[in-house]
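Here is how names work: the chains are called A, B, and so on, in the same order as the sequence lines, proteins then strands, and each is numbered from 1.
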There are 2 protein chains.
Amino acid sequence: MGRQITEMLKGTLEGIVLAILALRPAYGYEITAGLRERGFADIAEGTVYAVLVRIEQKGLVDVQKVPSEKGPPRKVYSLNVRGKDELEEFWRTWGFLSERLEHLHQGGK
Amino acid sequence: MGRQITEMLKGTLEGIVLAILALRPAYGYEITAGLRERGFADIAEGTVYAVLVRIEQKGLVDVQKVPSEKGPPRKVYSLNVRGKDELEEFWRTWGFLSERLEHLHQGGK
DNA sequence: ACCGGTAGATAGTAACACTGAATAGCCCGG
DNA sequence: CCGGGCTATTCAGTGTTACTATCTACCGGT
């Protein structure tokens, strides 16, 4: 899309993935598809997997390997308690930033 | 504040500074003060100067050195045409992301 | 002579998303 | 039976960004 959205996604993409996982557990390929459905059309697959590795290492998700009918086994990620806390914190931080930017957009001071 | 807001500011801080400059020309120290007034209490001065160097190199601002009554000379930045275009693009990108996140926050799919 | 407020610059670090490619399993058509 | 296409994951290398910490510089007051 452009370098602006790329930079904006830093700090939000992880939250977006957590929010998707909050709806229901999912595996990487599925999450990528979900992102495309939700308008994030050009987020590379590799990027999503990198996020998943990160949130797993942070202990925000539980992981379960599930055999697939078609293709290699899936790694199904589900949000755990720490992940839910992190997601709440994400929404708070987003709200903070969003509110201040809204002010700036409408007339500044 | 926390690492979350730090990461979210990547990609938005530059836009925020451009938005402040759109209100009226300003110099670094003044911009930092403006950020604090607007709730961005813990953005380091060094960070702001780095942004200013960047937007100057990108050619988004015009710069004028003005002697100060108190202290070393000020570098006054004013948004030029390219800067205004960039700012508009920033608001578009922000709107895009903001809208999608709003959807996710309210019920997801 | 010193300190606090004003004003700007910079080197080094860590986090993050992207690119591009590799690997691997499975199914179907020719 | 074999090669292309879909599913699914992984990884090395790159560039951008904000933060920390520190340094320089000018001025006024004590």
Return no unless some side-chain N or O of Arg3(A) is found under 4.0 Å from OP1 or OP2 of dA17(C). no

Any base atoms under 4.0 Å from Leu13(B), or only sugar-phosphate, or nothing? Heavy atoms, all strands. sugar-phosphate

Ile55(A) CD1 to dT9(D) P, in whole Å, measures 13 Å

To the nearest 0.5 angstrom, please state how far the CZ atom of Arg74(A) sits from the CD atom of Glu30(A). 7.0 Å

Going by modelled atom types, is there a donor-acceptor pair between the base of dA17(C) and the side chain of Lys10(B) at under 3.5 Å? no

Lys70(B) (side chain) and dC27(D) (base): donor-acceptor pair under 3.5 Å: no

Length of the CD-C1' vector between Gln57(B) and dG15(D), whole Å: 15 Å

Hydrophobic clusters here meaning ILVMFWY residues chained together by side-chain heavy-atom distances under 4.5 Å, can you tell me if Val66(A) and Leu21(A) are in one? yes

Phosphate contact (dA17(C) OP1 or OP2) by Thr6(A) side-chain N/O below 4.0 Å: no

Please tell me which of Gly71(B) and Glu7(B) maps to the more 5' nucleotide of DNA chain C, matching each residue to the nucleotide holding its nearest heavy atom. Gly71(B)

Nucleotide dG15(D), atom P - distance to CD1 of Ile5(A) in whole Å: 22 Å

In this structure, how many angstroms lie between the C1' atom of dT17(D) and the CG atom of Leu97(A), rounded? 15 Å

With heavy atoms under 4.0 Å as the rule, sort Gly46(B) into base, sugar-phosphate or nothing. base

Heavy-atom nearest nucleotide on DNA chain C for Ser68(B) versus Pro73(A): which residue maps closer to 5'? Ser68(B)

In whole Å, what is the span from the OH atom of Tyr29(A) to the P atom of dT10(D)? 15 Å

Nucleotide dT24(D), atom P - distance to CZ of Arg74(B) in whole Å: 23 Å

Using a cut-off of strictly less than 4.0 Å, decide whether Arg54(A) has a side-chain nitrogen or oxygen near OP1 or OP2 of dA15(C). no

Without decimals, in angstroms, what is the distance between Gln64(B) CD and dA7(C) P? 16 Å

Single-linkage hydrophobic cluster Val81(B)~Val63(B), side-chain heavy atoms < 4.5 angstrom: no

Compare the minimum distances between each of dA25(D), dA24(C), dG8(C) and the side chain of Pro72(B), then state the nucleotide with the smallest one. dA25(D)

Quick check for you: among dA9(C), dC19(D), dT17(D), whose closest atom lies nearest to any side-chain atom of Tyr77(B)? dA9(C)

Under 3.5 Å donor-acceptor, Thr47(B) side chain and Ile43(B) backbone: no

Measure from OH on Tyr49(A) to C1' on dC16(C) and round the result to the nearest Å. 19 Å

May I ask you to say whether Glu45(A) pairs ionically with Arg36(A), meaning some side-chain N is under 4.0 Å from a carboxylate O? no

Whether Thr47(B) contacts dC19(D) is assessed here as follows: a side-chain N or O lying under 4.0 Å from the phosphate OP1 or OP2. Is that the case? yes

One thing to verify: whether Glu86(B) and Arg3(A) come together as a salt bridge, which I'm taking to mean a side-chain N less than 4.0 angstrom from a carboxylate O. yes

Give a yes/no answer on whether the side chain of Lys75(A) brings an N or O atom under 4.0 Å of OP1 or OP2 in dT10(D). yes

